[in-house]
Participant: 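My structure is below; once you've seen it, I'll send some questions.
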Amino acid sequence: MPRYEAQVEVTHRPGILDPAGATVERALPALGWANVSQVRIGKSIRLVVDAPDVATATAQVDEMCHRILTNPVIEDYSLRIEELTRA
């Protein structure tokens, strides 16, 4: 069965407070990077899925995102899936 690597990037939805991002944005000028703005901190999730095809793998990871990997009320996510090369 083919194996797929899924990469999920999770970010706060627009308008949702991002205290970690705000803290980093306030600290950057003191460290010499005064040219940075709009810092948002999210999370990256990577996992490997065994599935018969890319459509099935994508559907499974999408359901995982909705059920456990993200909070759809406050977070958005993007999903990328690549087939791993067979050895």
Participant: With sequence neighbours excluded, give me every side-chain hydrogen bond (donor to acceptor under 3.5 Å, both in side chains) pair touching residues 25-34.
Facilitator: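 Of all non-adjacent pairs touching residues 25-34, those that pass side-chain hydrogen bond (donor to acceptor under 3.5 Å, both in side chains) are Thr23-Arg26.
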Participant: Would a 4.5 Å heavy-atom cut-off, applied to side chains only, mark Met64 and His66 as touching?
Facilitator: no
Participant: Hey, what do you get for CD (Glu9) to OG (Ser44), rounding to the nearest 0.5 Å?
Facilitator: 4.0 Å
Participant: Looking at every non-hydrogen atom in both residues, tell me the closest pair between Arg40 and Arg13 and how far apart they are.
Facilitator: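 Answer, listing the atom of Arg40 first, then Arg13: NH2-O, 3.2 Å.
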Participant: Can you measure from CG (Leu69) to OH (Tyr77) and round to the nearest 0.5 angstrom?
Facilitator: 9.0 Å
Participant: Tell me whether Val48 shares a hydrophobic cluster with Ile45, the cluster being built from Ile, Leu, Val, Met, Phe, Trp, Tyr side chains joined at under 4.5 Å.
Facilitator: no
Participant: Any chance you could measure Thr58, atom OG1, to Arg80, atom CZ, to the nearest 0.5 Å?
Facilitator: 12.0 Å
Participant: Could you tell me whether Glu5 and Arg3 make a salt bridge, using a distance below 4.0 angstrom between a side-chain N and a carboxylate O?
Facilitator: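 Salt bridge: no.
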Participant: What are the two closest heavy atoms between Pro52 and Pro2, and how far apart are they?
Facilitator: O-CG, 3.9 Å
Participant: Please answer whether the main-chain N or O of Val54 pairs with a side-chain N or O of Tyr4 as donor and acceptor at a distance below 3.5 Å.
Facilitator: yes
Participant: Under 3.5 Å, is there a donor-acceptor pair between the side chain of Thr70 and the main chain of Cys65?
Facilitator: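 Looks like yes, one N/O pair under 3.5 Å.
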Participant: Can you get from Ile81 to Leu47 by hopping between Ile, Leu, Val, Met, Phe, Trp and Tyr side chains that sit under 4.5 Å apart?
Facilitator: yes
Participant: Which heavy atom of Ala51 sits nearest to which heavy atom of Met1, and what is that distance?
Facilitator: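 Shortest heavy-atom contact: O-CG, 3.3 Å.
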Participant: Give a yes or no on whether Leu79 and Ile68 share a hydrophobic cluster (residues Ile, Leu, Val, Met, Phe, Trp, Tyr; joining criterion: side-chain heavy atoms under 4.5 Å apart).
Facilitator: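 In one cluster: yes.
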Participant: Would you name the heavy atoms of Val61 and Ala6 that are closest together and state the gap between them?
Facilitator: CG2-CB, 3.8 Å
Participant: Give a yes or no on whether the backbone of Ile41 and the side-chain of Asp18 come within a donor-acceptor separation of less than 3.5 Å.
Facilitator: yes
Participant: Yes or no on side-chain contact (heavy atoms from CB on, under 4.5 Å) for Glu75 and Lys43, after CA distance, side-chain angles and deciding distance?
Facilitator: CA-CA 10 Å; Glu75 296 174 325; Lys43 58 187 171 186; 3.9 Å; yes
Participant: Nearest 0.5 angstrom please: Ile74 CD1 to Asn71 CG, how far?
Facilitator: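 Result: 4.5 Å between the selected atoms.
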Participant: Does a sphere of radius 6.0 Å around CG in Leu17 hold more than 12 heavy atoms from other residues, nucleotides or ligands, not counting ones at 6.0 Å or beyond?
Facilitator: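 Open.
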Participant: Got a sec, which pairs hit salt bridge (charged side-chain N to carboxylate O under 4.0 Å, His left out) with one end in residues 59-70, sequence neighbours left out?
Facilitator: Glu63-Arg67
Participant: Would you say Val39 and Val10 are hydrophobically clustered, going by side-chain heavy atoms of ILVMFWY under 4.5 Å?
Facilitator: no
